[in-house]
Amino acid sequence: MSNFSSPGRTEPVSRAVQASGSAAKAPLAINFIVIGGGIVGLAAAIALVRAGHRVTVVEKGDGKTNTGPGGMRLPPNMTKVLFHWGLKDVLQDAALTSRLLLMANLHTGQILGPQVWNEELLKETRGKYMVMSHADLHKVLYDAASALHAEIRHNANVVDIEPDDGMVKLDSGEVLQADIIIGADGETGLCRRLVLGREECLQSSGLMFFDVQFPGGLTNIDLDSRVEGRLPEATSDNPVDVYVGNGCAATRYPINGGHNFALHYLFNGDFSSGGHYGDPPTATEDLRGLLPSEIDPNLGYYAHNATRATHIAIKAHEDLDNWVHNSGRLVVIGQAAHPLAAGSIQQAAMGVEDAAVLGKLYSHLSIPEQAQDFLYAFQDLRQQRCAEAADGDLSTLRYISADLGPDQEARDSNMLAKYREGRNVLEGDEDSGEVEQWSQVRSIYAYDCEDEADDWWVQWGLLRARANSDGADRSQPTFDAFDWTAATITSIDETTMS
Ligand SMILES: Cc1cc2nc3c(=O)[nH]c(=O)nc-3n(C[C@H](O)[C@H](O)[C@H](O)COP(=O)(O)OP(=O)(O)OC[C@H]3O[C@@H](n4cnc5c(N)ncnc54)[C@H](O)[C@@H]3O)c2cc1C
């Protein structure tokens with residue numbers, strides 16, 4: 001019987017995981033402690049074990065409290081990584097594949113147009129657009145990490161960290177030690193504060209997010225009539241409905257094999273309250289109180305009859321200049337490094353990309369000194385990409401929930417015009433320079449973080465490794481000895497030629 005909440009999963013995870021174990025192994029294996037066994041911590045464990053290292057994940061939850069029933073969207077740049085790790089079959093059983101974003105007006109329910117992820121784009125990305133629950137994705141990653149022999153410890157609450165000594169103290173009093181500590185304990189975790197060196201200064205983002213689940217099968221039975229038969233064939237399965245409103249927005253998509261809906265409600269305003277994923281779902285009253293008087297009847301019905309609603313705060317976080325602690329032995333990844341707003345498509349994806357890049361870099365580890373170099377290389381490779389994704393997703397949240405006014409009117413009429421012309425709503429108009437916007441979507445999804453890490457190794461890592469094997473002074477930490485800003489590609493050619 002299936003272990004997932006979605007029916008029809010018949011393949012054992014171990015089959016997929018065997019494939020995921022066949023990656024390049026580092027000549028030198030070291031010990032990692034990953035703090036946090038969420039999506040990103042587990043992904044990091046998979047990536048690093050695949051690269052031949054020993055990994056212990058410490059998670060304060062009991063294995064259930066650190067997962068949730070809410071929905072997640074997995075964009076192609078994320079599924080591509082998971083497929084590469086051998087998890088394609090198991091994901092296809094546990095998740096639903098969607099090829100359609102359907103935009104509608106939140107107040108009237110009027111369809112504003114579709115965005116179909118066409119074959120050409122998906123081929124270019126080498127991934128799929130998938131939807132599933134947090135708990136199901138967590139299980140896929142937990143099973144994969146366990147099968148690869150990562151040690152995963154639940155009820156292991158980290159209360160103190162001594163990065164200089166690679167030491168982590170649990171609330172039980174037990175002390176663990178590793179060569180490198182990976183902080184994957186989320187945006188409110190200890191590691192982010194440690195790297196920042198103080199408490200973080202949080203501001204209101206002016207957005208408020210409710211995570212809602214609603215039981216019942218996917219009601220796409222009336223999809224054909226809603227879109228008046230204008231969709232290409234075979235694209236209407238598992239649509240992600242995006243309702244754009246005036247000062248509010250909502251997203252709906254199927255999870256658990258289509259047995260439940262995940263719903264996200266978004267409102268504009270200055271809200272100081274709000275909790276975190278994993279909090280008790282006590283917010284149904286608050287949600288009802290915020291609904292506009294005119295609302296699509298389905299959306300109103302879901303909000304009034306939701307089984308669970310959790311209010312998740314969207315805060316404006318500080319940008320961390322450094323993700324690497326000055327000990328050179330601790331790095332933050334995922335939400336701990338670059339918190340993306342709840343409701344962002346790229347939230348988990350950026351963390352999984354982080355994990356994949358770490359795995360690629362550490363697959364080249366051959367001398368202890370590189371262990372620190374790779375942390376700085378990781379930061380170099382990831383900071384801009386994650387900042388762009390965070391900005392892009394926040395802009396999207398603001399766009400779909402634009403207040404009543406010229407921007408909102410332009411948004412709705414542009415979509416409708418494209419729909420009437422039989423075009424995708426996210427396609428740009430060449431005249432207005434919007435083609436650029438569409439190409440940005442393509443580049444976000446087509447980005448291959450593992451290729452980027454490989455390129456770094458060929459351009460910079462090999463150079464450094466050669467310098468080390470030529471008898472460079474190894475008494476100093478390598479990140480002091482190597483000035484990234486001074487390095488140029490020319491020096492590679494020179495070295496290669498000499
Ligand atoms: C319970 C839960 C439910 C969620 N549900 C959804 C959802 O439905 N939809 C969605 O889009 N996103 C959800 N998220 C958020 C989503 O997982 C993240 O935004 C994103 O995937 C990146 O995750 P992360 O692993 O970096 O951080 P997080 O998901 O925040 O994971 C951090 C992990 O670190 C653990 N941790 C924190 N402090 C310590 C400590 N001191 N010692 C040991 N462990 C520690 C936490 O228990 C948690 O498991 C959920 C997160 C959680 C924790």
Side-chain angles (χ1 to χ4, degrees), residues 5 33-46 56-75 78 82 130-142 145 152-161 168-172 174 176 181-194 209-213 251 253 255-256 260-264 275-281 308-310 312-314 317 323 331-355 386 389-390 393:
S5 41
I33 291 175
V34 178
I35 303 179
I39 301 297
V40 175
L42 292 174
I46 295 170
T56 301
V57 179
V58 280
E59 164 56 49
K60 70 177 177 184
D62 64 5
K64 292 202 173 83
T65 49
N66 52 308
T67 74
M72 306 188 77
R73 286 166 292 165
L74 284 56
M78 172 174 172
L82 301 177
M130 298 178 123
V131 287
M132 66 196 304
S133 73
H134 183 271
D136 283 349
L137 176 60
H138 193 275
K139 176 163 171 48
V140 167
L141 297 177
Y142 177 86
I152 304 172
R153 298 181 54 174
H154 287 127
N155 303 308
N157 184 18
V158 173
V159 290
D160 199 9
I161 305 166
V168 161
K169 189 175 176 190
L170 306 182
D171 61 357
S172 62
E174 189 182 353
L176 308 173
I181 300 169
I182 308 282
D185 50 348
E187 65 262 38
T188 58
L190 275 178
C191 295
R192 185 171 170 82
R193 263 177 284 150
L194 198 59
F209 176 87
F210 286 82
D211 183 52
V212 176
Q213 292 90 51
T251 309
Y253 51 90
I255 52 172
N256 310 134
N260 295 310
F261 289 134
L263 288 133
H264 304 158
H276 306 103
Y277 279 114
D279 286 352
R308 298 169 54 102
T310 312
I312 318 280
I314 299 183
H317 287 264
W323 293 358
V331 67
V332 281
I333 66 171
Q335 287 292 101
H338 44 76
L340 271 76
S344 298
I345 296 176
Q346 293 291 340
Q347 196 183 43
M350 285 302 116
V352 169
E353 284 191 4
D354 289 348
C386 294
D393 275 4

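Indexing begins at 1, ligand by ligand and atom by atom, following the structure's order. Numbering of residues begins at 1 and proceeds along the displayed sequence.
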| task | For side-chain contact (heavy atoms from CB on, under 4.5 Å), just list the numbers for E174 and R153, CA-CA rounded to whole Å, side-chain angles, deciding distance to a tenth of an Å, and then say yes or no. | result | CA-CA 12 Å; E174 189 182 353; R153 298 181 54 174; 2.6 Å; yes

| task | Would you sort out whether L194 and V332 count as a side-chain contact (heavy atoms from CB on, under 4.5 Å), showing the intermediate values? | result | CA-CA 10 Å; L194 198 59; V332 281; over 6 Å; no

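Enumerated by chain and number, the residues approaching ligand 1 to less than 4.0 Å through a heavy atom are G36, G38, I39, V40, V58, E59, K60, T65, N66, T67, G68, G70, G71, M72, H134, A156, N157, V158, A184, D185, G186, Y277, G278, G334, Q335, Q347, A348.
Each of V158, N155, D160, V159 was compared with D171 under the side chain to side chain contact (heavy atoms under 4.5 Å, CB included) criterion, and only V159 meets it.
Checked against ring-ring contact (aromatic ring centres under 6.0 Å, His included), H264 has the following partners two or more places apart in sequence or in another chain: F209, Y253.
The shortest distance between side-chain heavy atoms of N66 and K60 does not fall below 4.5 Å. With contacts defined as side-chain heavy-atom distances shorter than 4.5 Å, the pair N260/Q213 does not qualify.
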